[in-house]
Peer 1: 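Right, I'll just put the structure down here and ask away after.
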Amino acid sequence: MQTPAGLVVLVLAAVVVSVLAAPAEEKDAQVLKYDNDHNGIDGYNFQFDTSNGIQRQEQAQLKQFDAENSALVVRGSYSFTADDGQVYTVNYVADENGFQPEAPHLPK
């Protein structure tokens, strides 16, 4: 069975249109809130919200491990609305044990 050329063109056109019609709000998202406080080498914190529902917040504090070793310990979270309409939130810590994300939708 052969596929009519017109049908192939129609299917390809539909694919191209759907790709080009991807959510324009993503590329046009506006920052609604932005706070940033940098405490020199002792740490920082920031947060932002965007018009497309993305939220992020993060804080870091300097942790002294011993007389010679110190590093920033980072805690934060981010949220976004997925294509399925559900809001997903990830909480995380990044410290001497590495990056540790936690969320119900992430594999354990």
Side-chain angles (χ1 to χ4, degrees):
M1 178 175 172
Q2 290 187 336
T3 306
L7 182 59
V8 171
V9 171
L10 181 62
V11 169
L12 287 175
V15 169
V16 168
V17 167
S18 67
V19 169
L20 293 176
E25 64 273 2
E26 294 298 321
K27 71 175 184 158
D28 297 327
Q30 301 293 313
V31 175
L32 303 176
K33 177 181 182 181
Y34 177 75
D35 294 316
N36 185 13
D37 184 22
H38 191 276
N39 302 326
I41 63 170
D42 293 330
Y44 64 85
N45 63 69
F46 71 85
Q47 66 178 15
F48 65 82
D49 299 339
T50 63
S51 60
N52 60 349
I54 296 173
Q55 297 179 334
R56 176 140 184 238
Q57 62 88 22
E58 184 174 290
Q59 316 76 44
Q61 292 183 309
L62 186 63
K63 180 177 179 182
Q64 193 72 38
F65 298 106
D66 57 37
E68 297 177 8
N69 298 301
S70 62
L72 289 175
V73 173
V74 179
R75 298 180 189 282
S77 67
Y78 60 90
S79 300
F80 61 94
T81 304
D83 292 339
D84 63 6
Q86 184 173 340
V87 175
Y88 291 90
T89 300
V90 176
N91 297 302
Y92 60 87
V93 174
D95 60 12
E96 66 272 16
N97 298 311
F99 181 71
Q100 306 152 63
E102 291 184 357
H105 63 279
L106 293 178
K108 302 235 181 227

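Any value given below was found using the heavy atoms of this structure, including those in side chains, with hydrogens, waters and symmetry copies removed.
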Peer 1: Of the non-hydrogen atoms in L72 and G43, which two are nearest, and what is the gap between them?
Peer 2: CD2-CA, 4.0 Å
Peer 1: Taking atom CZ of R56 as the centre, report whether more than 12 heavy atoms of other residues, nucleotides or ligands fall under 6.0 Å from it.
Peer 2: yes
Peer 1: Just how far is it from atom CZ of F80 to atom OH of Y88, taken to the nearest 0.5 Å?
Peer 2: 7.5 Å
Peer 1: Counting only N and O atoms by type, is there a donor-acceptor contact under 3.5 Å from the side chain of Q30 to the main-chain atoms of D28?
Peer 2: yes
Peer 1: Which distance, rounded to the nearest 0.5 Å, do you find between the OG of S70 and the CD of Q61?
Peer 2: 13.0 Å
Peer 1: To the nearest 0.5 angstrom, please state how far the CD atom of E96 sits from the NZ atom of K63.
Peer 2: 3.5 Å
Peer 1: For the hydrophobic clusters of this structure (ILVMFWY residues joined by side-chain heavy atoms under 4.5 Å, transitively), does one cluster hold both V74 and F65?
Peer 2: no
Peer 1: Honestly curious: do V87 and L32 fall in one hydrophobic cluster under the side-chain, below-4.5 Å linking rule?
Peer 2: no
Peer 1: Going by distance alone, is a donor N or O of one side chain under 3.5 Å from an acceptor N or O of the other, for Y78 and E58?
Peer 2: no
Peer 1: So, taking the atom named CG in N45 and the one named NE2 in H38, what distance separates them when rounded to the nearest 0.5 Å?
Peer 2: 10.5 Å
Peer 1: Any donor-acceptor pair under 3.5 Å linking the side-chain atoms of D95 with those of Q100?
Peer 2: yes
Peer 1: Consider only side-chain heavy atoms of I, L, V, M, F, W and Y, link residues closer than 4.5 Å, and tell whether V73 and F99 are in one cluster.
Peer 2: no
Peer 1: Looking only at side-chain N and O atoms, does E102 offer a donor or acceptor that is under 3.5 Å from a partner on N91?
Peer 2: no
Peer 1: Say you draw a straight line from CD of Q47 to OH of Y34; how long is it, rounded to the nearest 0.5 Å?
Peer 2: 10.5 Å
Peer 1: Using a 6.0 Å cut-off, check whether atom CD1 of I41 has over 12 heavy atoms from anything other than its own residue.
Peer 2: no
Peer 1: What is the distance from atom CD of Q57 to atom CG of D49, rounded to the nearest 0.5 Å?
Peer 2: 10.5 Å
Peer 1: Tell me the closest heavy-atom pair linking S51 and A29, and the distance in Å.
Peer 2: OG-CA, 3.4 Å
Peer 1: Please find the pair of heavy atoms, one from P101 and one from Y92, that lie closest to each other, and give the distance.
Peer 2: CA-CB, 4.0 Å
Peer 1: Give the minimum heavy-atom separation between V93 and R75, together with the two atoms involved.
Peer 2: CG2-NH1, 3.2 Å
